[in-house]
*Asks:* 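Below are the structure tokens for one structure; questions will follow.
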Amino acid sequence: MSRKLMVAGNWKMNKNLMEALTLASQVITRAKKTSGKVEIVLAPPSPFLHTINSMSKDLGFVKVAAQNCHYEQNGAFTGEISAEMLKSMNLAYVIVGHSERRKYFNDDHSVLSKKVTAVAGAGLGIIFCCGEPLDVRENNNHQSFVQTQLSDSLFNLSAEEMKNVVVAYEPVWAIGTGKTATPEQAQEMHAFIRKIISEQYSSEIANNCTILYGGSCNPANAAALFANHDVDGALVGGASLHSDQFLQIINAREFLPVR
Ligand code: PGA
């Protein structure tokens, strides 16, 4: 996977069936009017993945992501979904390591590293989330915190597998809070993430890695975030639930230069 401009919408546990199909169809209809140079990723709740993936399949630049998966391929794990199942639906990505999964579902480093291995093994792309809580930022330890998250859960991948990874930097203090990292804070962390990927793998893999910002990204702040050299796009929560706001964020990405 080469470096992309990307805007991904993480719908979390929102929308019923009709609402989800309406939102997906609004986004897809409007996406047809964009140039297609921004990859648009929709991450709806799992019951709607298959239908929304079918709806989007004619537009090569609209992809669908699962919000989570289990690390085993199959078995007696009631309620869980495997990467292999998601692969059989031809999805493009799985989000792994979202801070809400880490906080509410005990997705710690050892679980996440197994999930990363399972998703890579199924041949799906990974959108790997990392980011520090507020106290870590205030103590100025954010870089080493994120470095540990990446090295503990992601850097077990081979160089070949790492080519299918998108990293989403999502400072926990900015998620759903209305507080956004400043463009300078985002750029500093994205450049740092690219540097450690380069040290771990190669400068080619680092330069080709798509790195998204997430955390209260909205139409008002998107352009300033995207203007930074290492910010390739966004992982959007709340604003992705409204097609007009989501499209404005996509447009903000579209009209800035390709890197
Ligand atoms: P938010 O969520 O845009 O609502 O802050 C981002 C995310 O959790 O990915």
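Heavy atoms only: backbone and side chains are in, while hydrogens, waters and symmetry mates are out. All ligand and atom numbering here is 1-based and tracks the order in the structure. Everything numeric here is computed off the predicted structure, so don't read it as measured data. Throughout, residue positions are numbered sequentially from 1 according to the sequence presented.
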*Asks:* Which atoms of ligand 1 have any heavy atom of H98 under 4.0 Å away?
*Replies:* 7 (C), 8 (O), 9 (O)
*Asks:* Which atoms of ligand 1 sit under 4.0 Å from any heavy atom of G176?
*Replies:* 1 (P), 4 (O), 5 (O)
*Asks:* Quick check, are the ring centers of Y213 and F226 under 6.0 angstrom apart?
*Replies:*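 So the answer is no for these two rings.
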*Asks:* Show, in sequence, the C-alpha distance, side-chain angles and deciding distance for R194 and D232, and conclude whether the salt bridge (charged side-chain N to carboxylate O under 4.0 Å, His left out) test is met.
*Replies:* CA-CA 12 Å; R194 219 178 281 291; D232 300 312; 3.0 Å; yes
*Asks:* Run the numbers on S151 and Q200 for side-chain hydrogen bond (donor to acceptor under 3.5 Å, both in side chains), then give the verdict.
*Replies:* CA-CA 9 Å; S151 51; Q200 181 72 24; over 6 Å; no
*Asks:* Which atoms of ligand 1 have any heavy atom of G215 under 4.0 Å away?
*Replies:* 5 (O)
*Asks:* Same cluster or not: are V231 and V38 linked, directly or through other Ile, Leu, Val, Met, Phe, Trp or Tyr residues, by side-chain heavy atoms under 4.5 angstrom apart?
*Replies:* yes
*Asks:* Do any N/O atoms on G237 end up under 3.5 angstrom from N/O atoms on ligand 1?
*Replies:*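 Among all N and O atoms of G237, at least one is under 3.5 Å from an N or O of ligand 1.
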*Asks:* Could you list which atoms of ligand 1 come closer than 4.0 Å to a heavy atom of S216?
*Replies:* 1 (P), 3 (O), 5 (O)
*Asks:* Which of the atoms in ligand 1, numbered in the order shown and given with their element, are less than 4.0 Å from a heavy-atom of G238?
*Replies:* 1 (P), 3 (O), 4 (O)
*Asks:* Quick one: pull up CH2 in W173 and CD in E132 and give me the separation to the nearest 0.5 Å.
*Replies:*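 W173 atom CH2 to E132 atom CD measures 6.5 Å (nearest 0.5 Å).
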*Asks:* Return yes when G214 approaches ligand 1 closer than 4.0 angstrom through a heavy atom, no otherwise.
*Replies:*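 It does not, in that no heavy atom of G214 comes within the 4.0 Å cut-off of ligand 1.
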*Asks:* Among protein heavy atoms, which lies nearest atom 7 (C) of ligand 1, and at what distance?
*Replies:* E170 OE2, 3.2 Å
*Asks:* For Y169 versus G131, what's the shortest heavy-atom pair and its separation?
*Replies:* CE1-CA, 3.9 Å
*Asks:* Could you tell me if the side chain of N228 sits less than 4.5 Å from the side chain of H190, heavy atoms only?
*Replies:*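 Side-chain contact under 4.5 Å: no.
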*Asks:* Go through ligand 1 atom by atom and flag the ones less than 4.0 Å from a non-hydrogen atom of K12.
*Replies:* 2 (O), 7 (C), 8 (O)
*Asks:* Could you tell me whether A174 approaches ligand 1 through its side chain, its backbone, both or neither, with non-hydrogen atoms closer than 4.0 Å?
*Replies:*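 Answer for A174: backbone.
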